[in-house]
Amino acid sequence: MLNWIDEQGAAMTNRIAEWASLCSGSEYPAGLDAMCSKLEAAFHPLSPKPPELVPLTLASRPLESRTALRVVCRREAPILILLAGHYDTVFGPQHPFQDVVRDGTNLLRGPGVADMKGGLVVMLTALSAFESLAPAALKERLGWEVFLNPDEEIGSPFSRSHLVECAKQNHLGLLFEPALPGGRLASARKGSGNFAVVVRGRAAHAGRDPERGRNAIRVAADFVRVIDDLNGKREGVFINVGRIEGGGPLNIVPDAAVVRYNVRTLRAEDEGWLTAEVAAIVAILNGRDGIRAEVSGEFASPPKPESRATNLMLGDIADGARRLGFSLEWQPTGGACDGNKLAAAGLANVDNLGPRGGGLHSADEHIELDSLSERAKLAALYLWRLAAGELRVPDREVARA
Ligand SMILES: [Zn+2]
């Protein structure tokens, strides 16, 4: 099986180049549909059951729909594993970064090559290897579900409830987000949320009756200063004010301003702490004459703390790496992904088994080609050893969502 994967290097590279050339930005349904068709064709041969196109809807966006791809096999087996990934990217059709560049080196550059079309190809290759080369007696011990969603880069609003269902229906999960620097796996991930504070004041002529005005930008600026000062007050919590909007002609006291910020959390309890802190700040602002401030937004991803179950999986995967002749480490990271949501819903998972690379979400996004077969072997070997009964199936995480 491992030799077969070694022979797939060129095929894997070609497939990633093909998939990354296809623009599938999260807000570009035509491109997403085209990408989904490619995935459907690629994953079809892996199971006697045809892939299922899962329609996704979202109450707050009633005129839109999306599609996830689900493929299942041997769901009656004693060990059930989820292999998950997203096929959207952050690069919409208007983004200047559209081309895949091969320059004969070990690097392949292109939109989504690392995050995470490369990972999808690693998943496909590992699963193909296991399905075509593992003996029947091994395979019948392992059933799987592949779930590929189109909206991870915008916080998986369309697919969230399906992810929770995936978490309930499987014993453990493998996700193929890009590796951390040096190939390291993610042991824990911070949670993430996006919020906005809308401040309303009162417009007035800056020359004729400025005292009638209530300057919303001034209040928004006060909010920014106070919320930014929360940084450093609580371990692992970070608030990033990322955008402010407001105002108009310079001779009018501005009556509206919006402050948008992202928060990162380390522990589930941080969400309550932040909510209370922000509410207290907003209450003070609302005490000012003629001012109305309101918060909206949500914690889209709960934190994914280190756990005994994920540590067991990380240890087993690192042991597999040793057998393949390299060492593999892991570390916590600030970035959230669907692994957070799956863990919060009770599914132990290792979520960045994709290739090594860099420049994610930028026009420098690239992967290291020699990591493709390495990562595919790592995942395939894990499946094999799991099916062979050499590895323990981790206990369920305590569901928090
Ligand atoms: Zn990703």
Side-chain angles (χ1 to χ4, degrees), residues 15-16 19-20 22-28 31-32 35-36 38-39 56 66 68-69 82-92 95 97 100 108-124 126 146-160 162-163 166 173-181 183-194 262 264 300-304 330-344 347 349-368 371-372 375-376 379:
R15 202 187 283 270
I16 296 167
W19 287 359
L22 224 163
C23 174
S24 60
S26 314
E27 303 291 0
Y28 182 45
L32 289 166
M35 186 64 215
C36 192
K38 294 260 180 210
L39 293 166
L56 309 174
R66 295 286 190 273
L69 186 74
L82 173 73
L83 297 106
H86 62 89
Y87 66 88
D88 61 327
T89 73
V90 297
F91 304 103
H95 198 284
F97 186 45
V100 177
L108 179 76
R109 293 175 195 280
V113 290
D115 191 9
M116 60 173 280
K117 288 171 178 173
L120 296 179
V121 169
V122 167
M123 178 203 295
L124 174 69
V146 166
F147 185 77
L148 307 179
N149 60 351
D151 57 344
E152 192 271 348
E153 295 291 2
I154 52 170
S156 307
F158 288 91
S159 57
R160 196 171 300 175
H162 294 270
L163 290 169
C166 288
L174 302 180
L175 285 77
F176 293 80
E177 293 284 351
L180 297 176
R184 284 188 286 276
L185 299 175
S187 56
R189 288 180 182 270
K190 284 192 178 183
S192 172
N194 289 319
N262 175 257
R264 299 283 158 159
S301 275
K304 181 184 178 187
W330 53 85
Q331 67 177 62
T333 174
C337 75
D338 282 338
N340 294 50
K341 294 185 178 70
L342 292 166
L347 187 76
N349 67 82
V350 169
D351 57 30
N352 69 331
L353 289 159
R356 293 191 303 271
L360 311 180
H361 296 194
S362 85
D364 183 41
E365 182 168 345
H366 60 273
I367 50 169
E368 299 173 23
S371 67
L372 293 174
R375 303 299 270 198

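Values below: every heavy atom of this structure, side chains too, minus hydrogens, waters and symmetry copies. In listed order, ligands and their atoms are each counted from 1. Just so it is clear, the model here is predicted, and its values are computed rather than measured. By convention here, the first residue in the shown sequence is residue 1.
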Check your understanding: Is there an N/O/S atom in E153 that lies less than 2.8 Å from the Zn ion (ligand 1)?
Key -> no
Strictly under 2.8 Å, is the Zn ion (ligand 1) approached by any N, O or S atom of E177?
yes
Is there a donor-acceptor pair closer than 3.5 Å between any side-chain N or O of D364 and the backbone N or O of G359? no
- Taking atom types as modelled and ignoring hydrogens, do the side chains of S159 and N149 form a donor-acceptor contact shorter than 3.5 angstrom? yes
Among the N/O/S atoms of H86, the Zn ion (ligand 1) lies closest to NE2
Do R109 side-chain atoms and H366 backbone N/O form a donor-acceptor pair below 3.5 Å?
no
The Zn ion (ligand 1) has as its nearest N, O or S atom from D115 the atom OD1
Does any N, O or S atom of C337, backbone or side chain, fall under 2.8 Å from the Zn ion (ligand 1)?
no
Review point. Taking it one step at a time, do R15 and K117 satisfy side chain to side chain contact (heavy atoms under 4.5 Å, CB included)?
Key: CA-CA 9 Å; R15 202 187 283 270; K117 288 171 178 173; over 6 Å; no
*asked:* Between K304 and D351 (salt bridge meaning N to carboxylate O under 4.0 Å), is one present in this structure?
replied: yes
